[in-house]
Structures are given as structure tokens and as C-alpha cells.
Amino acid sequence: MKPLNKVSVSFGRHETFALRFGWLTKGFHEWNRNKNVFESDDATVILGVGKNMVHAIRYWLIASQILEVDENSLKPSEVGELIFNKKNGYDPYLEDDATIWLVHWLIASNASNATSFFWFFNHFHKPEFTQKELCDALHEFVSEQLGARTSTNTLKSDIALLLRMYEPTIDYRTTPIEEGLDSPLSMLGLINEISDTKYHESKLENRWNLPIAPFSYSVLEIFGATQISSLRVEQLMMSDGIHAAPGAVFRLNDEGLIAKLEEMIAWLPGYFELRETAGIHQLYKLKDIQFVDVLAKYYNENRNSRLGEVVA
């Protein structure tokens, strides 16, 4: 998680290209083979994309916190290595829905490198809106809350891309994933275009399809960022404006958030507990657990489950 810092924000670095299937995998693997791949003369040939797309792939690897900027060079993040390492990564080809949900969290909680995405999921709360309303609200936030000077066209580009990246345009029930040009994030159902209108919607729901691993990962990041042993459920539901909040990022309603917390407690017994005092629900962390262990538990269980299905 990268909290909001007024002196460290970014807009429009995606070259107007939405994240596509295969880009994180291809970019991470090629970077591992050649740490200068994005600057090399034959980058377009190696990655099989145009020049501007090369810059976009590099940007999305950073925005999704798969790679990190270390002074003037790049290095793999711990979660990037765990997921995308070609030899022993848990899901290098984004075959598990949990990985796509995790990538969503990593982008929407990255206020430094994906500021517009962080703003939308953590600051903007209207369930229905037009593209113009989004642009106007983002412009107001940037000028009044950040004091930043960013061109209106750049902010419009961010909003247009956000909608394009999260709204599905193909039917995945009939179209193979690899044949679609949609972003993997469009599969999550977090933003939808309302048919025959100029409106879009992003509503709070139960999100029964949200896997427990990325949700648990997000909760652990909140504990890590705040450095406290208990969190009000409200802190997990709504962003404080600085840190991302799981409820806001995953567009969970109250019932959905409590259900996910209870599922997490049952899945990780002995580590968390929900208590209610004077009508206030709080989540307590009883002992430490690392996100590495959470991801290992989920992917290993999932792998064993699939192997069991094959044997059966």
C-alpha cells in the first residue's frame, strides 16, 4: 500500500493504454531476463507491442506494485516475485481470479503511482455518475485537496481510461479471455455502464465472488500501515483519505464486509477476532501473520483442490 502524499502523486503516465491480459506476465518475465528491456532499442520486438505500449507496460507493472522504483532502477516487489516468478510463482499467468482481485487492490491502494484510481475507489462514493461528473470531481479533488497543477485533459484521460479498464465490453461466457481486448479488471464487475444512458454505476454489494486471499491481504496491509492491533470496522469500510480501505476498494456493503471478515477469521483461525463494544465493531489482530503466508495458504489450497478434482 502507498498512502496518499500530496508531494508524490502521478497522473496520465499510462500513455492512454489500459492494462491488458498478458502485460504483467510478459513484462515481468522479460524484465527478469533483461533489466533494461524497457529502454532497449528492440523492446517493441521483444514485447511484441508498439513503442508507447512499452512505456504503458512498464507503468502498469509499477502501478500494480509488481515492480518498484528503487532510485533510478526497478526491482521486483515481494508480492510481484511471489505471484509472477516464472519458475515458482503462485500464478504467473493470471489464471486465478484471486490474482486479478489482488492486482485491483494493489492498483487502487497505490496513491503515489495510480492517484486517479486511488481517488475513485477511496474518495468518490456516488453509486451512479456520468463521465463528466467524474472528471469534475477529480479536478476539484486535485486542485483543492492536493494543490497540484494537472491539466484538465490529463485528468479526462485518466477517467476515460479508468472506465475503459473496469467496464466489460465482451461476454466472457462466450468469448475466450485471450481473445478479448478488455482489461482483466473488467471481469470484477466493479464498474458498469448503464445501458442506453450516459451513466455508469459502481455500487456497494456483498461481493460473494471476492476470494478470501486478496481481502485478507488488504486487511493485513491496513494493520501494517496503521501499526495498531485493533481496527474499527468503519476504518476498513471507508478510507480515511490517506490509506485505502478494503470496503471501499472492493465496493463492499456493510453486510458484505462483515461477512468477509467472518470468513477471514474462520479461514485464519487464531489470528483475528471481531468484538463489539458499546455498539462499535472492532477487528483485533491476536498475533502476527505475514501476507506471504496468507498467499501461500490460499494458492496451495487452491492447487490441491484442483489436483483433487483432476484425480476424481
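All of these numbers come straight from a predicted model, not from anything done at the bench.
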Query - Y217 and F291 aromatic ring geometry - parallel, tilted or perpendicular at 30°/60° bounds - result: perpendicular
Requested in this report: Count the heavy atoms of every other residue, nucleotide or ligand shown that sit under 6.0 Å from CZ of R33, and state whether that count exceeds 12.
Outcome: no
Query raised in the report: Taking NZ, NE, NH1 and NH2 as the nitrogens, is one of them in E205 or K203 under 4.0 Å from a carboxylate oxygen of the other?
Result: no
Query raised in the report: Is any side-chain heavy atom of V79 less than 4.5 Å from a side-chain heavy atom of L106?
Result: yes
Query raised in the report: Is Y93 close to T25 at the side-chain level, that is, under 4.5 Å between some pair of heavy atoms?
Result: yes
Query raised in the report: In Å, rounded to the nearest 0.5 Å, how long is the span from NE2 of H14 to CH2 of W60?
Result: 6.5 Å
Query raised in the report: Going through the distances and angles, do L24 and F84 end up as a side-chain contact (heavy atoms from CB on, under 4.5 Å)?
Result: CA-CA 8 Å; L24 297 182; F84 287 96; 3.9 Å; yes
Query raised in the report: If you take all heavy atoms of P214 and F250, which pair is closest and at what distance?
Result: O-CZ, 4.0 Å
Query raised in the report: Can you find a heavy atom in the side chain of K86 that is under 4.5 Å from one in the side chain of N32?
Result: no
Query raised in the report: Would you call K132 and D136 a salt bridge, using N to O less than 4.0 angstrom?
Result: yes
Query raised in the report: Would a hydrophobic clustering, with Ile, Leu, Val, Met, Phe, Trp and Tyr connected at side-chain separations under 4.5 Å, put L163 with I194?
Result: no
Query raised in the report: Which atoms form the tightest heavy-atom contact between F17 and W23, and what is the distance?
Result: CB-CH2, 3.8 Å
**Report entry** F121 side chain near S109 side chain, heavy-atom distance below 4.5 Å
**Finding:** no
Report task. Mind telling me whether F129 and F120 have parallel, tilted or perpendicular rings, with 30° and 60° as the class edges? Result -> perpendicular
Query - Heavy atoms from other residues, nucleotides or ligands near CD of E128 exceed 12 (cutoff 6.0 Å) - result: yes
Requested in this report: State plainly whether the residues E262 and K260 are in salt-bridge range, i.e. N to O under 4.0 Å.
Outcome: no
Report task. Step through the shown structure and confirm whether more than 12 heavy atoms of other residues, nucleotides or ligands are within 6.0 Å of CD on E234. Result -> no
Query raised in the report: Nearest heavy-atom pair of V294 and W267: which atoms, and what distance?
Result: O-CH2, 3.5 Å
Query raised in the report: For K297, does the NZ atom have more than 12 heavy-atom neighbours from other residues, nucleotides or ligands under 6.0 Å away?
Result: yes
Query raised in the report: Just by distance, do the side chain of Q235 and the backbone of R232 share a donor-acceptor pair under 3.5 Å?
Result: yes
Query - salt_bridge(E133, K126) N-O dist < 4.0 Å - result: yes
Query raised in the report: Looking only at heavy atoms, what is the nearest atom pair of W101 and R207, with distance?
Result: CH2-CD, 4.4 Å
Query raised in the report: Between Q145 and W119, does any side-chain donor sit less than 3.5 Å from a side-chain acceptor?
Result: no
Report task. Nearest 0.5 Å please: distance from the CD1 atom of I57 over to the CZ atom of R20. Result -> 9.0 Å
Query raised in the report: Sub-3.5 Å donor-acceptor pair from the side chain of H104 to the main-chain atoms of V249, do we have one?
Result: yes
Query raised in the report: Do the non-hydrogen side-chain atoms of T152 and H139 ever get within less than 4.5 Å of each other?
Result: yes
Query raised in the report: Do you know which two heavy atoms are closest between V103 and L185, and how far apart they sit?
Result: CG1-CD2, 4.4 Å
Report task. Please round to the nearest 0.5 Å and tell me the distance separating atom CG of N110 and atom CD of E68. Result -> 9.5 Å
